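Hydrogens, waters and symmetry mates are skipped; everything else that's a heavy atom, side chains included, is used. So that the names make sense, note that chain A is the first sequence line, chain B the second, and so on, each numbered from 1. Values in this document were obtained by computation on a predicted structure and should not be read as measured data.
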Amino acid sequence: MTETRPFIRLRGRSIMALVLSPEPPLAGWLASLDAQIERAPNFFDGRPVIVDLGTLPRETADVAGLMHAIAERGIHIIGAEGAHASWPGLEAWGRKLPGGGQSAKPIEVPERAQAEPAAPAARPAAPEPSPPPQMQSPTEPASLLIDHAVRSGQSITFEQGDITILGSVASGAEVVAGGSIHVYGALRGRAIAGLSGRTGARIYCRKLHAELVAIDGVYQTAEDMPPERIGAPSCAWLDGDLMRITPID
Amino acid sequence: MAKVLVVTSGKGGVGKTTTTAALGAALAQAGENVVVVDFDVGLRNLDLVMGAERRVVYDMINVIQGDAKLAQALIRDKRIDTLSLLPASQTRDKDALTEAGVASIIEQLREKFDWIICDSPAGIEKGAMMAMRYADIAIVVTNPEVSSVRDSDRIIGMLDSKTAKAERDERIEKHLLLTRYDAGRAARGEMLKTDDVLEILSIPLLGIVPESVDVLNASNLGSPVTLNSPTSPAAKAYFDAARRLRGEKFEVAIPIQRKSLMGRLFGRRAVA
């Protein structure tokens, strides 16, 4: 009897990792890290962190100890990069991560904790309202509005939520969103939606001439798009693992 | 108020140098003081098209590096005295251009001329960036075919982000000039329609210049097409464009294909 082998399905998934770059003097850097954790205790919760050792001079001693010190503080390290070949003990932190990866803008840690702890008696009666944190959790809606056409070669990225474009997206341009993408014009470039696992994200446009659409790692190029949708108002969405492109009326 | 105009495209070979020379001559013939500036360092062509290649002593790089004064490098046209040329260097390359040097030259030119037309090189690197950096108005030269349109779109994106005006949050005035338009191919659907190009690029149309042997002839003779063959369809389109630049508003004429009598009688394709 022949055995059928299970079919291995691979998909891509992008997540945003934080990059920590320790700088000498290390004791001072660890103290700053502690202060940051105290200001925003939940900031590192669940976030994958890469430690960039490239800023440390070659003579730095006990880099493995530094990695332990960071991990002890509850930080979930998924890898290290920029390590010098002579430093011992780093193999435990995993293999070298593949190079590249888009580096994003520096991230601001919110000044105040997201949840106020129980007020001690000395505090004033009314609790101070906490300012909206810079890094919003995925469930809070956030939206970026672009009120002009996106020209060829331009790349618009907004990980935190939806992007709305009042204009067309030119061939050779790229729109990358954590949420959905709404194009009130022709979509001629690439649209990549649903970053960080949002499978419900959708891509809408008035005229579909896209080079590529992708939602949460599942992509479809122009060649494979249903021909009756080309040039017509369309919505791309994920039905399980299949990309569907359907009309918008 | 002096106006700095950049003639750019992204794609090479679409007609930037031809346009710079033709528009420069058209504006000068209308009485304006015009200088045309070649930014294509190392691959200069504007001096050839203007017929000044045997009179180049100093060039823009010499002025930037202080080896010559601007007045020494400027070459006055023999045919129209309100038209001058600032040539590029042929022996150097674009790395010799500096932002401070270009800024200083543009400032000095603003004092002497009404129109400063900068002939940009192709591409999106330093030469093209320097040419557009201090411009008030941009003419995006495009052929009605897909690669030219995409490259023009890229250049428009850069005009909106990399120019001094854009950095001051001001809008740089952009105009589309469709060149090498072939009426016959357009009629047969072999070329992108004007409306399609306008829809993709979304900037106002300055004019449509038909494909023409007059352009090649003029260039071989070292004369802008508006000087050499002023009644040709290409030259007429350039004159119209110059009038629009000076503020006149009128409809853009779409060039028609002129067929000879024999062409009309026997112009059909043979049917097997």
Chemist: So which of A/Ala149, A/Ser152, A/Gly153 has the largest heavy-atom pair count under 4.5 angstrom toward chain B?
Modeler: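 Option with the top pair count is A/Ser152.
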Chemist: Does a salt bridge link B/Asp160 with B/Lys174, judged by any charged N lying under 4.0 Å from a carboxylate O?
Modeler: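 Yes, charged N to carboxylate O under 4.0 Å.
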Chemist: Roughly how far, to the nearest 0.5 Å, is the CD1 atom of A/Ile165 from the CG atom of A/Leu145?
Modeler: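 Nearest 0.5 Å value for the CG-CD1 distance: 9.5 Å.
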Chemist: Does the structure place the NZ or CZ of B/Arg110 under 6.0 Å from the centre of the six-membered ring of B/Phe113, at an angle of no more than 45° from the ring's axis?
Modeler: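 No, B/Arg110 does not lie over the aromatic ring of B/Phe113.
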Chemist: Among B/Ser161, B/Ser152, B/Gly157, B/Gly10, which residue forms the greatest number of heavy-atom pairs with chain A at distances under 4.5 Å?
Modeler: B/Gly157
Chemist: Picking from B/Arg154, B/Met158, B/Glu199, which has the most non-hydrogen pairs under 4.5 angstrom with chain A?
Modeler: B/Arg154
Chemist: Establish, for the pair B/Arg243 and B/Phe250, whether the NZ or CZ atom is under 6.0 angstrom from the six-membered ring centre and no further than 45 degrees off its axis.
Modeler: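 Yes; both conditions hold, so B/Arg243 lies above the ring face of B/Phe250.
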Chemist: For chain B, find which of A/Ala170, A/Ala173, A/Ser171, A/Gly172 contributes the most heavy-atom pairs closer than 4.5 angstrom.
Modeler: A/Ser171
